[in-house]
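The next block holds one structure in the form of structure tokens; read it before the comments.
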Amino acid sequence: MKIGRNIYVVLAVVLLASGYLFSRYYKSVENFKPKFGDVVETIYGLGTVTADQVYHLKSGLTLEVRKVFVREGDVVKANAPLAMLDNSLMRAKIEGTVTAVGSKEGELVAPQMPIVTIVNLEHLYLEVSLEQQSVLRVKNSQPVHVSFESLRNETYEGIVKSVYPRDSQFIVKIDLQTWPDGILPGMTADVAIVVGMKKNILLIPLRSIVAGHVTRLRSRKKEAVPVKLGVVDGEWAEVTSDNIAIDDELVIRKLF
């Protein structure tokens with residue numbers, strides 16, 4: 001008799017647990033309908049701030065550095081004196097900030113060794129390296145949205161200036177309309193290049209896609225079906241396969 005009562009207790013616990021799990025599952029899913037809408041096609045990359053004007057003072061001969069007139073951090077005008085090499089006074093070719101002084105007074109410098117480096121911090125651009133499939137869709141004058149890591153609440157607008165190869169890399173040069181204060185060469189930014197827009201296309205939520213499938217509810221029948229996707233933005237995806245219709249419902253697990 002005691003064993004029989006224990007079995008009933010176990011069955012009751014199993015039924016209660018099953019009911020609880022069913023209730024949790026029922027409450028953790030929701031149905032979502034596809035929609036027709038517009039979506040912006042963007043290509044994302046990491047941009048590096050680069051100076052457009054850089055001048056390296058070098059010598060073509062082995063000479064003695066008799067005098068250095070600048071220090072790192074100095075802002076100089078074009079034609080300002082930089083260094084005296086033997087009896088020759090060397091002057092700046094551009095306006096900018098001295099970012100490196102590579103030689104001290106009394107030293108001998110070898111040919112083509114940088115003695116002073118000047119960077120114009122007012123002439124900047126962003127440089128993005130993209131893989132081949134993405135760069136094929138990038139063209140001059142396409143709009144660009146830029147966000148710097150320390151300025152996440154601000155978005156800066158720019159355009160694609162040029163696309164070119166370099167040492168088996170594919171480089172996109174981007175000009176910004178305005179630059180935030182304090183930005184220096186070598187800093188990085190998140191870049192979104194707008195390559196096009198599709199209008200009035202069938203879209204489904206990205207949350208509905210699991211391993212390339214969605215759970216479709218049609219005529220009260222629920223089944224997992226594969227989907228082919230086109231353009232994807234941060235929340236929605238274009239459906240290019242013909243097995244999803246505007247009247248279907250998609251079963252989506254809720255986010256807690």
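Numbers for residues simply follow the sequence, beginning at 1.
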Requested in this report: Go through Glu249 and Lys33 one step at a time and tell me if the salt bridge (Lys or Arg N to Asp or Glu O under 4.0 Å) criterion holds.
Outcome: CA-CA 5 Å; Glu249 289 186 291; Lys33 285 203 169 194; 5.5 Å; no
Requested in this report: May I have the step-by-step check of salt bridge (Lys or Arg N to Asp or Glu O under 4.0 Å) for Asp38 and Lys199, ending in yes or no?
Outcome: CA-CA 4 Å; Asp38 303 338; Lys199 296 186 176 182; 5.6 Å; no
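A 6.0 Å sphere centred on CG of Asp242 holds no more than 12 heavy atoms belonging to other residues, nucleotides or ligands. Applying the 6.0 Å contact sphere to CD of Gln133 captures no more than 12 heavy atoms from other residues, nucleotides or ligands. Within 6.0 Å of CD in Glu122 there are 12 or fewer heavy atoms belonging to other residues, nucleotides or ligands.
Distance check, rounded to the nearest 0.5 Å: CG of Asn31 to CG of Leu217 gives 5.5 Å.
Asn140 and Val163 make their closest contact through OD1-N, 3.9 Å (heavy atoms, listed as atom of the first residue, atom of the second, distance). The minimum heavy-atom distance between Ile115 and Ser59, with the atom names listed, is CD1-N, 4.3 Å.
Glu127 and Thr48 are not linked by any side-chain donor-acceptor pair at a separation below 3.5 angstrom, with hydrogens and angles left out of the test. Residues Thr117 and His56 have side chains that bring a donor and an acceptor to within less than 3.5 angstrom of each other. Counted by atom type alone, Asp86 and Ser88 present zero donor-acceptor pairs between their side chains at under 3.5 Å.
No path of Ile, Leu, Val, Met, Phe, Trp and Tyr side chains, each step under 4.5 Å between heavy atoms, connects Val49 with Tyr125, placing them in separate hydrophobic clusters.
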